[in-house]
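Step one of this worksheet: look at the structure below.
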Amino acid sequence: MIQVIDDLKDALKTLPGIGEKSAQRLALYILSQDKTASNKLGEAILESVKKVNNCNICNMLTDENPCRFCSSIKRNDKQLCIVEHTADVFMLDSTGEFYGKYFVLSNLLSPIDGLGPKDIHIDELLSRINDYEVEEVIIALSPSVEGETTISYIADRLADWSGKISRLSTGIPFGGDLEYSNKITIANALKHRFKMK
Ligand SMILES: [Zn+2]
């Protein structure tokens, strides 16, 4: 193929769920549609990459630092909900069942993929819990092998901490992504969260 198209295809291939064929189809689609639309797409990517960073306190993606959740005085500092992705923050928040603060791990522990404690920002999480004198931690991770490994690891690291730890109740299918579960399921899982410590 033409080098410059190949480069675009390779860049698209780095996106989750996009394989060789999809990347090629998308690259050719971008180049064959009206140039205004493609320019808009390119500008939106450049602009958001420039403006969006991780919040210094909770690690979620934001265009302001600290993010609007961390800087809100209406939210309870003593309750901290731990999630994997920024998308999970929006999902949980849309349920209207949680008024505490969040912490985004960015990854789950997965030794096979080389993802260890540093990749889930464990040190930042532990300082966050101490600095803000958090009283309850709610772990809201996807029920998967990696999710369970991460939940046990966090609970372990917090074994000597005096606060409460709870996790979302079942209802979210094993291997299911929080992001794709429906609002009512998440709201129930949050309401009926069970105590680990
Ligand atoms: Zn924040």
Side-chain angles (χ1 to χ4, degrees), residues 15-16 44-110 115-144 146-147 149-158 161-169 172 176-183 185-191 193 195-197:
L15 298 173
I45 293 174
L46 285 178
E47 200 62 10
S48 53
V49 168
K50 209 181 335 170
K51 287 186 181 158
V52 174
N53 286 298
N54 295 85
C55 170
N56 288 338
I57 301 172
C58 73
N59 202 36
M60 79 174 272
L61 292 173
T62 174
D63 63 345
E64 47 196 347
N65 226 326
C67 72
R68 65 183 167 95
F69 293 99
C70 288
S71 53
S72 165
I73 47 163
K74 287 189 193 140
R75 304 191 75 99
N76 181 2
D77 265 335
K78 307 293 170 203
Q79 269 190 330
L80 186 71
C81 184
I82 301 174
V83 298
E84 183 184 359
H85 300 298
T86 297
D88 303 329
V89 173
F90 295 123
M91 180 61 189
L92 281 157
D93 211 59
S94 72
T95 65
E97 290 290 335
F98 183 69
Y99 302 100
K101 303 252 169 132
Y102 294 96
F103 188 87
V104 177
L105 300 175
S106 300
N107 290 293
L108 294 178
L109 288 177
S110 178
L115 297 172
K118 261 202 167 70
D119 301 292
I120 64 164
H121 303 275
I122 191 72
D123 290 339
E124 290 93 321
L125 171 63
L126 298 177
S127 331
R128 170 77 180 74
I129 291 169
N130 280 323
D131 296 351
Y132 288 78
E133 295 170 346
V134 171
E135 289 165 4
E136 183 185 5
V137 155
I138 297 149
I139 311 181
L141 300 178
S142 311
S144 61
E146 292 80 10
T149 309
T150 310
I151 292 170
S152 312
Y153 179 76
I154 293 172
D156 233 37
R157 292 294 302 261
L158 291 174
W161 170 66
S162 59
K164 282 193 285 185
I165 306 176
S166 53
R167 54 177 293 177
L168 295 192
S169 71
I172 302 160
D177 239 326
L178 223 57
E179 202 185 322
Y180 302 115
S181 299
N182 74 53
K183 212 191 274 188
T185 310
I186 300 276
N188 279 330
L190 195 58
K191 239 186 284 179
R193 62 182 181 267
K195 228 174 132 181
M196 295 175 69
K197 185 171 94 79

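Whatever order the structure lists them in is the order used to number ligands and atoms, beginning at 1.
- The backbone N or O of L61 sits less than 3.5 Å from a side-chain atom of T86, completing a donor-acceptor pair.
- Using a 4.0 Å cut-off between a side-chain N of Lys or Arg and a carboxylate O of Asp or Glu, D93 and R68 do not qualify as a salt bridge.
- Contact check on R193 versus E136 returns a salt bridge, with a Lys/Arg side-chain nitrogen under 4.0 Å from an Asp/Glu carboxylate oxygen.
- At least one side-chain heavy atom of K101 sits less than 4.5 Å from a side-chain heavy atom of R128.
- Note on the Zn ion (ligand 1): protein N/O/S atoms under 2.8 Å are C55 SG, C58 SG, C67 SG, C70 SG.
- Aromatic ring orientation, Y102 versus F69: perpendicular (interplanar angle above 60°, classes split at 30° and 60°).
- Residues I122 and I154 share a closest heavy-atom pair of CD1-CG1, 4.2 Å.
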